[in-house]
Protein chains: 2
Amino acid sequence: MHDLLFDFISKYISLTDDEKNAIVSLDVFRSFKKGAALLKEGQKSNDGYFVLKGCIRTYYIIGGDEKTTAFYTEMEALTPHCVINKAPSEYYISCVEDTILIVSNPDMEAEMFSKFPKFESLCRILAEEFLAKQQINFDEFKTSSPEQRYLNLLQKRPDLIQRVPQHQLASYLGIKPQSLSRLRARILEKDKG
Amino acid sequence: MHDLLFDFISKYISLTDDEKNAIVSLDVFRSFKKGAALLKEGQKSNDGYFVLKGCIRTYYIIGGDEKTTAFYTEMEALTPHCVINKAPSEYYISCVEDTILIVSNPDMEAEMFSKFPKFESLCRILAEEFLAKQQINFDEFKTSSPEQRYLNLLQKRPDLIQRVPQHQLASYLGIKPQSLSRLRARILEKDKG
DNA sequence: GTCATTTCTTAACTTAAGTGAACGTATTTA
DNA sequence: TAAATACGTTCACTTAAGTTAAGAAATGAC
């Protein structure tokens with residue numbers, strides 16, 4: 001379990017045994033059951049998440065129905081907006097599967113950063129990297145049709161299509177569940193013809 | 001000009017005169033004319049940008065036409081994807097108006113970070129903040145119709161609608177210029193009725 | 001100032017997504 | 001186990017975006 005994390009970190013910076021021990025001793029590894037709620041609309045929280053195993057999603061409830069906007073899987077990090085702007089959360093976060101997370105908070109991070117400045121470098125690099133990736137995702141979303149977005153997802157994150165219910169995928173693709181059904185039927189029809 | 005920058009930074013961290021001088025002596029302030037190209041598809045570059053005054057945009061050329069995906073205005077930073085992944089750029093960057101930028105690169109940043117670790121904190125905080133903001137933008141985009149997105153933009157960045165040509169706004173909203181024209185006519189019609 | 005180009009709008013037609021409803025099939029849970 | 005709920009698909013209909021084309025208005029170049 002810890003090795004998963006350290007292998008990942010080693011791609012960016014090298015850690016001494018001291019530093020590894022410091023992380024482990026923070027005791028931040030947490031397990032959650034499928035469906036568990038991590039954050040609800042209106043709540044304030046300081047918790048940031050890093051997915052070691054499993055899958056979590058963010059969703060809004062708009063006009064009574066769920067709009068899933070993001071999925072975070074292995075080695076992806078999420079700092080909810082409410083942690084940054086210190087306001088009640090606009091959205092929900094819950095577990096799509098049984099999930100193991102690192103749960104951190106700003107105080108803990110500040111302490112780690114002052115003890116081991118290297119960690120702040122790591123966080124900066126990860127944030128910049130994820131930001132650039134996120135921008136590309138957004139660009140692709142804007143410049144393609146729902147059908148293209150689905151086909152793109154099929155290429156880039158085929159696991160998601162297996163792991164996640166259709167109606168959650170639909171809003172992730174910016175459409176209604178019925179439209180996703182139809183669109184998939186359309187694609188199958190094309191492949192046949 | 002420098003005050004613009006220092007006032008902005010002072011919201012996050014406090015700088016000594018030494019540190020301010022270090023920034024100024026880097027000599028990173030650059031002026032560009034409207035329409036100037038900062039980066040082209042296929043080019044490699046290490047330059048990151050911070051907008052002091054003016055407006056720049058990123059765009060792709062897909063099937064022969066421009067797809068504008070982002071605008072950066074005063075006090076917004078852009079580290080192009082090609083700087084992060086060290087590959088040729090997928091997109092273009094150019095100036096929408098006469099613009100004054102800070103142009104930085106990883107070597108320069110590394111030097112500043114080691115001399116003044118505070119700058120790395122600043123960059124981490126800005127990246128995390130921008131990432132959370134970006135996520136909210138993306139969420140809003142996914143969960144709304146083109147018309148809602150236009151109305152939303154009218155609320156949140158009314159300046160853009162003045163500063164930027166319609167056809168660039170259209171792709172920024174994820175639609176064709178004709179659809180934006182029609183959509184605006186539809187809104188005007190509603191307001192009248 | 002004139003010409004050429006780009007930008008914006010309008011219109012008619014095509015295509016695909018939204019909507020509301022029905023139905024079969026899991027999955028829960030009492 | 002039975003009833004209830006949630007999920008995915010299909011259908012008919014509505015609405016809005018894409019496409020193609022044409023023309024008016026603004027901008028830029030010479």
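Just so you know, these numbers use all the heavy atoms, side chains as well, and skip hydrogens, waters and symmetry mates. Chain A is the first sequence line, chain B the second, and so forth, proteins listed ahead of strands; every chain is numbered from 1.
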*Starting at CZ of B:R124, measure out to CD1 of A:I125 and round the result to the nearest 0.5 Å.*
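Interatomic distance, B:R124 CZ to A:I125 CD1, rounded to 0.5 Å: 13.0 Å.
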
Would you mind reading off the distance between [X] atom [atom1] and [N] atom [atom2], rounded to a whole angstrom?
X      : N      : atom1 : atom2 : value
A:Q168 : D:dA6  : CD    : P     : 14 Å
A:K34  : D:dA6  : NZ    : C1'   : 12 Å
B:L173 : D:dA17 : CG    : P     : 11 Å
B:E189 : C:dT9  : CD    : C1'   : 15 Å
A:L183 : C:dT15 : CG    : C1'   : 13 Å
A:E147 : C:dA16 : CD    : C1'   : 10 Å
B:R186 : D:dG18 : CZ    : P     : 11 Å
A:R149 : D:dA17 : CZ    : C1'   : 12 Å

*Tell me whether the OP1 or OP2 atom of C:dC8 has a side-chain N or O from B:H167 closer than 4.0 Å.*
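Answer is yes, contact under 4.0 Å.
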
Using a cut-off of under 3.5 Å, enumerate the N/O to N/O pairs linking the protein to nucleotides 18-23 of chain C.
{"residue": "C:dG18", "atom": "OP2", "partner": "A:K176", "partner atom": "N", "Å": "3.2"}
{"residue": "C:dG18", "atom": "OP2", "partner": "A:S179", "partner atom": "OG", "Å": "2.7"}
{"residue": "C:dG18", "atom": "N7", "partner": "A:R182", "partner atom": "NH2", "Å": "3.0"}
{"residue": "C:dG18", "atom": "O6", "partner": "A:R182", "partner atom": "NH1", "Å": "3.0"}
{"residue": "C:dT19", "atom": "OP2", "partner": "A:K176", "partner atom": "NZ", "Å": "3.4"}

*May I have the step-by-step check of ring pair (Phe, Tyr, Trp, His ring centres under 6.0 Å) for B:Y91 and B:Y60, ending in yes or no?*
CA-CA 5 Å; B:Y91 53 77; B:Y60 295 73; 5.5 Å; yes

*Quick one: do B:R57 and B:E66 make a salt bridge, cutoff under 4.0 Å?*
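Result for this pair is yes, salt bridge flagged.
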
*Should the pair B:K34-B:D98 be classified as a salt bridge under the 4.0 Å nitrogen-to-oxygen rule?*
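Judged by the 4.0 Å cut-off on N to carboxylate O distance, B:K34 and B:D98 do not form a salt bridge.
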
*asked:* Can you tell me which nucleotide in D:dC7, C:dC8, D:dT10 comes closest to the side chain of B:Q166?
replied: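 Minimum distance to the B:Q166 side chain belongs to C:dC8.
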
*Kindly point out which of C:dT9, D:dT9, C:dA16 is positioned nearest to the side chain of A:R184?*
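Comparing C:dT9, D:dT9, C:dA16 against the side chain of A:R184, the answer is D:dT9.
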
*Taking B:E147 as the fixed residue, which of B:R186, B:R182, B:R184 is the one that meets the salt bridge (Lys or Arg N to Asp or Glu O under 4.0 Å) rule?*
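It is B:R186, the one option of B:R186, B:R182, B:R184 that forms the salt bridge (Lys or Arg N to Asp or Glu O under 4.0 Å) with B:E147.
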
_If I compare all heavy atoms of B:E74 with all of B:G54, which pair ends up nearest, and what's the gap?_
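Looking at all heavy atoms of both residues, the closest pair is OE2-N, 2.8 Å.
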
*Under the criterion side-chain hydrogen bond (donor to acceptor under 3.5 Å, both in side chains), which of A:R163, A:R157, A:K53 is the partner of A:T73?*
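For A:T73, the side-chain hydrogen bond (donor to acceptor under 3.5 Å, both in side chains) test succeeds with only one of A:R163, A:R157, A:K53, which is A:R157.
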
